[in-house]
Amino acid sequence: MDYDAFELNSRMAYYRRRGLASLAIAVVMISVAFTTGMQSQNVRATSPSQLTIGIVGTPSDPFNPMTQIALIDHWIQAVLYGTLITYNSTGAVVPYLASSYNISSSGLAYTFVLNHNIKWSDGQPLTAADVVFTLNASIQYSGRVTSLLPFAKPDNSTFSHYTLNTSTVSTPNNYTIVLHTQKPNPQLLAYFSTFFYVLPEHIDANQNLTTNTYVNAHVVTSGPWYLASSTDYKPGSYLVLTANPYFFMGAPKIQKIVLQFFQTSSAAETALRSGSIQMMNNVPSTDVSTVQSAGFNIFKAPEMRVLFLQYNMNKNLTGGAYNPLSNQTVREALGYATNISALVNSISSGTFKVWGQAEPYGMNFLGYPAWNQSLPDAQFPYNKSMADKLLNASGYIWTPGSYRLNVTLITLATIPYFVVATQILKSEWAQVGVNLNVNLEQTTAWVYDSFQAPQPKTWNIDLYDLTEPVDPFYPVNFLFGPGGGNAGNFTNTAIRTLIYNASNTGNPVQRTSVFQQVDGIANKYTPYLFFATETEVDAWSTSIVFHDGLGGIFNLPLSIYAMHYTSTSAPPSTTPWALIGGVAVVILIIVVAAAIMLSRRKKGKMS
């Protein structure tokens with residue numbers, strides 16, 4: 001072989017070897033890039049920091065726990081303020097601001113030990129002094145003072161005419177609070193779990209907490225989120241909450257929660273489908289299947305909520321006009337004129353249970369049902385002839401071409417099934433000569449007209465629902481006790497005695513029997529027309545990890561706190577089959593490439 005031929009073959013071999021090596025290097029680099037890319041895809045969990053929740057309704061009092069009544073305000077305050085104890089997703093009571101709590105065997109002493117590292121959103125420590133301050137403020141200013149009467153003494157200088165009886169509370173140190181009662185009060189556990197939002201003494205001391213002027217301008221909270229700026233709240237439109245850097249359990253994963261307020265469920269649902277919000281409450285029952293098929297999680301939250309009409313029991317309304325609903329026979333007639341089962345199924349598509357008493361279906365005390373099992377689910381069977389007979393007996397004779405009775409009903413315009421229910425009632429009652437004038441009101445106006453306006457009120461009937469903690473004391477106390485919830489002004493000595501005396505027992509059989517008796521007595525006088533016990537339907541994007549539970553969105557602050565977005569890609573598998581498959585492909589490419597190069601080399605030698 002001459003030199004030139006040898007040189008040519010040598011150079012070709014060199015370039016073949018160099019090409020193969022280069023190819024190998026390139027393939028390895030591709031392999032590394034491929035596998036690294038796959039790994040980084042799994043690691044890339046840069047979750048969005050903001051979540052927008054659509055809330056159907058408008059808050060009227062979102063920052064002042066002393067004066068709030070509307071459920072939407074309660075929802076907001078659940079993530080702003082901490083309670084000593086709270087409920088988990090199964091309905092069990094668990095510590096929250098308190099690291100532990102204890103009820104003495106006698107049921108007369110309640111001890112709460114606070115976590116030592118709790119700070120307010122302004123960085124100041126939260127101590128036992130704040131708890132005692134809130135206890136006194138709640139007694140002096142809160143509409144729920146009836147729950148705290150065991151710790152109160154009369155004082156005409158306060159809004160409630162009560163103040164704290166200091167002999168009932170002690171603070172052995174900065175983190176321990178011991179409360180003493182003369183009688184067992186089983187309902188206190190539910191009160192401290194649900195309504196006792198601790199307030200900052202260093203901010204609210206010596207202030208009048210019956211108005212919102214001061215509180216709204218000085219919002220300092222202890223929950224997972226806080227109001228970072230007054231400009232973050234536009235009444236009736238939105239509320240922006242920022243993660244509290246001082247929250248003792250650690251800042252939540254969601255840095256900002258935007259609450260977007262909608263006047264109707266349909267508007268919120270449209271926003272959910274468009275992606276402008278990621279969660280919503282009160283999905284219309286008729287839309288559940290379509291929302292779910294659109295790719296959203298649907299949760300039907302078991303609730304202790306009862307839907308009802310509250311009748312005004314005063315003989316005259318504001319202005320002096322006679323109130324025909326003060327006549328029990330007229331109230332009974334309206335019950336018979338209402339096809340309750342059809343109404344409930346129509347407004348809920350079968351998701352609500354027809355119900356005829358104050359205690360919600362499913363409410364128990366230590367495993368014993370609190371509702372009266374001897375009462376029918378529907379208090380009145382549908383019977384237009386009976387309604388006509390009772391109205392005639394009350395002196396309201398029907399003259400053709402006119403109405404024999406005109407009554408006014410108020411309700412929330414923001415709850416679709418409330419609006420539909422009033423339309424059904426108007427149609428049904430017209431069939432027995434009763435004209436129903438419906439006033440649809442926004443939240444602030446409705447709260448005032450229902451609960452804050454002085455007796456005897458301007459309306460004959462109020463349609464709304466009630467959600468309470470899982471303790472039978474609260475529905476009957478709110479509806480039949482002397483507080484603002486009893487807007488119809490129903491008074492019954494036997495019921496009051498049962499609520500405030502006989503119910504103070506830890507024996508579950510005796511205690512549930514008390515509330516069964518209350519419901520039995522109340523049904524005889526018909527101060528309410530109960531329709532159903534409810535189920536809330538919530539929806540949220542599948543990109544969100546959220547564990548709903550008893551009560552629905554915002555009812556469980558620890559569930560809200562733990563909420564976060566899922567990874568933007570599939571999580572890594574315990575057996576990385578995709579990675580193994582990728583490496584196998586790369587190896588196959590190397591083998592094939594090597595075989596081609598060798599084949600060409602042999603051909604070169606042969607030539």
Side-chain angles (χ1 to χ4, degrees), residues 65-66 81-87 93-116 118 126-199 201 204-205 209 365-366 469-474 477 481-483 496-508 510-511 514:
M66 294 297 109
Y81 300 97
T83 51
L84 294 173
I85 48 183
T86 189
Y87 292 106
V93 175
V94 295
Y96 189 17
L97 294 182
S99 60
S100 64
Y101 71 95
N102 176 264
I103 304 173
S104 66
S105 58
S106 64
L108 301 180
Y110 293 74
T111 302
F112 301 95
V113 179
L114 295 175
N115 284 286
H116 287 210
I118 307 177
L126 187 156
T127 68
D130 294 302
V131 176
V132 176
F133 166 77
T134 305
L135 182 63
N136 191 29
S138 299
I139 291 172
Q140 291 187 14
Y141 303 120
S142 175
R144 301 182 185 276
V145 65
T146 50
S147 299
L148 295 175
L149 290 180
F151 312 112
K153 63 180 181 181
D155 187 337
N156 290 329
S157 66
T158 67
F159 175 78
S160 67
H161 302 298
Y162 288 96
T163 191
L164 178 64
N165 182 351
T166 55
S167 67
T168 64
V169 58
S170 61
T171 53
N173 54 57
N174 284 341
Y175 301 100
T176 304
I177 307 96
V178 183
L179 303 174
H180 305 273
T181 66
Q182 292 184 346
K183 296 179 180 180
N185 288 273
Q187 75 275 4
L188 286 173
L189 201 61
Y191 180 84
F192 287 118
S193 302
T194 308
F195 300 116
F196 191 71
Y197 295 117
V198 180
L199 295 176
E201 182 182 26
D204 295 331
L209 301 182
F365 179 70
L366 298 181
V470 285
D471 187 292
F473 172 85
Y474 282 93
N477 179 48
R496 297 281 174 90
T497 300
L498 286 168
I499 293 174
Y500 298 116
N501 294 310
S503 71
N504 291 326
T505 173
N507 184 304
Q510 294 178 5
R511 193 159 191 264
V514 166

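Position 1 is the first residue of the sequence; numbering continues from there. All figures in this text were calculated on a predicted structure; none of them were measured in a lab. The basis for the numbers below is simple: all heavy atoms, side chains too, and nothing from hydrogens, waters or symmetry mates.
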Q: Any chance you could measure Tyr96, atom OH, to Asn115, atom CG, to the nearest 0.5 Å?
A: 10.5 Å

Q: At their closest point, which heavy atom of Ser147 faces which heavy atom of Tyr474, and how far apart are they?
A: OG-CE2, 3.4 Å

Q: Is there side-chain contact between Tyr197 and Thr83, with at least one heavy-atom pair below 4.5 Å?
A: yes

Q: Measure the spacing between CG of Asn174 and CG of Asp130 and express it to the nearest 0.5 Å.
A: 10.0 Å

Q: Taking only residues two or more places apart in sequence, or in another chain, which ones meet Asn504 in a side chain to side chain contact (heavy atoms under 4.5 Å, CB included)?
A: Lys183, Asn185, Pro186, Gln187

Q: Checking Ser160 side chain against Ile139 main chain: does a donor-acceptor pair fall under 3.5 Å?
A: yes

Q: Roughly how far, to the nearest 0.5 Å, is the CZ atom of Phe151 from the OG atom of Ser167?
A: 11.0 Å

Q: Would you give the length of the straight line joining atom CZ of Phe473 to atom CD1 of Ile499, rounded to the nearest 0.5 angstrom?
A: 7.0 Å

Q: How would you list, by chain and number, every residue that makes a side-chain hydrogen bond (donor to acceptor under 3.5 Å, both in side chains) with Asn173, sequence neighbours excluded?
A: Thr176

Q: Output the distance between atom CG (Leu189) and atom CG (Asp471), rounded to the nearest 0.5 Å.
A: 8.0 Å

Q: Check ring-ring contact (aromatic ring centres under 6.0 Å, His included) between Tyr162 and all other residues, then give those that pass, not counting sequence neighbours.
A: none

Q: Identify the two heavy atoms, one from Val514 and one from Ala502, that lie closest to each other, and give their separation to 0.1 Å.
A: CG2-O, 3.6 Å

Q: Of all the heavy-atom pairs spanning Arg511 and Ser503, show the shortest one and how long it is.
A: NE-O, 3.0 Å

Q: I want to check something: taking the side chain as every heavy atom from C-beta on, are Pro482 and Tyr500 in contact at a cut-off of under 4.5 Å?
A: yes

Q: Which heavy atom of Thr181 sits nearest to which heavy atom of Pro150, and what is that distance?
A: CG2-CB, 3.8 Å

Q: Quick check for you: to the nearest 0.5 Å, what is the distance between Thr127 atom OG1 and Ile118 atom CD1?
A: 10.0 Å

Q: Can you give each donor-acceptor pair under 3.5 Å made by side-chain atoms of residues 97-104, sequence neighbours left out, with the distance rounded to 0.1 Å?
A:
| residue | atom | partner | partner atom | Å |
| --- | --- | --- | --- | --- |
| Ser99 | OG | Val113 | O | 3.1 |
| Ser104 | OG | Ser106 | OG | 3.1 |
| Ser104 | OG | Gly107 | N | 3.4 |
| Ser104 | OG | Leu108 | N | 3.3 |
| Ser104 | OG | Ala109 | N | 3.1 |

Q: If we check side chain to side chain contact (heavy atoms under 4.5 Å, CB included) with Leu179, which of these qualifies: Leu135, Thr168, Val132, Thr111?
A: Leu135

Q: Hey, is CZ on Phe159 packed in by over 12 heavy atoms from elsewhere, all under 6.0 Å?
A: no

Q: Is Thr134 reaching over with its side chain to a backbone N or O of Leu199, donor-acceptor style, under 3.5 angstrom?
A: yes

Q: Can you name the residues that form a ring-ring contact (aromatic ring centres under 6.0 Å, His included) with Phe365, not counting sequence neighbours?
A: none

Q: Any ring pair (Phe, Tyr, Trp, His ring centres under 6.0 Å) pairs touching residues 175-194, not counting sequence neighbours?
A: Phe112-Phe192, His116-Tyr175, Phe192-Phe196

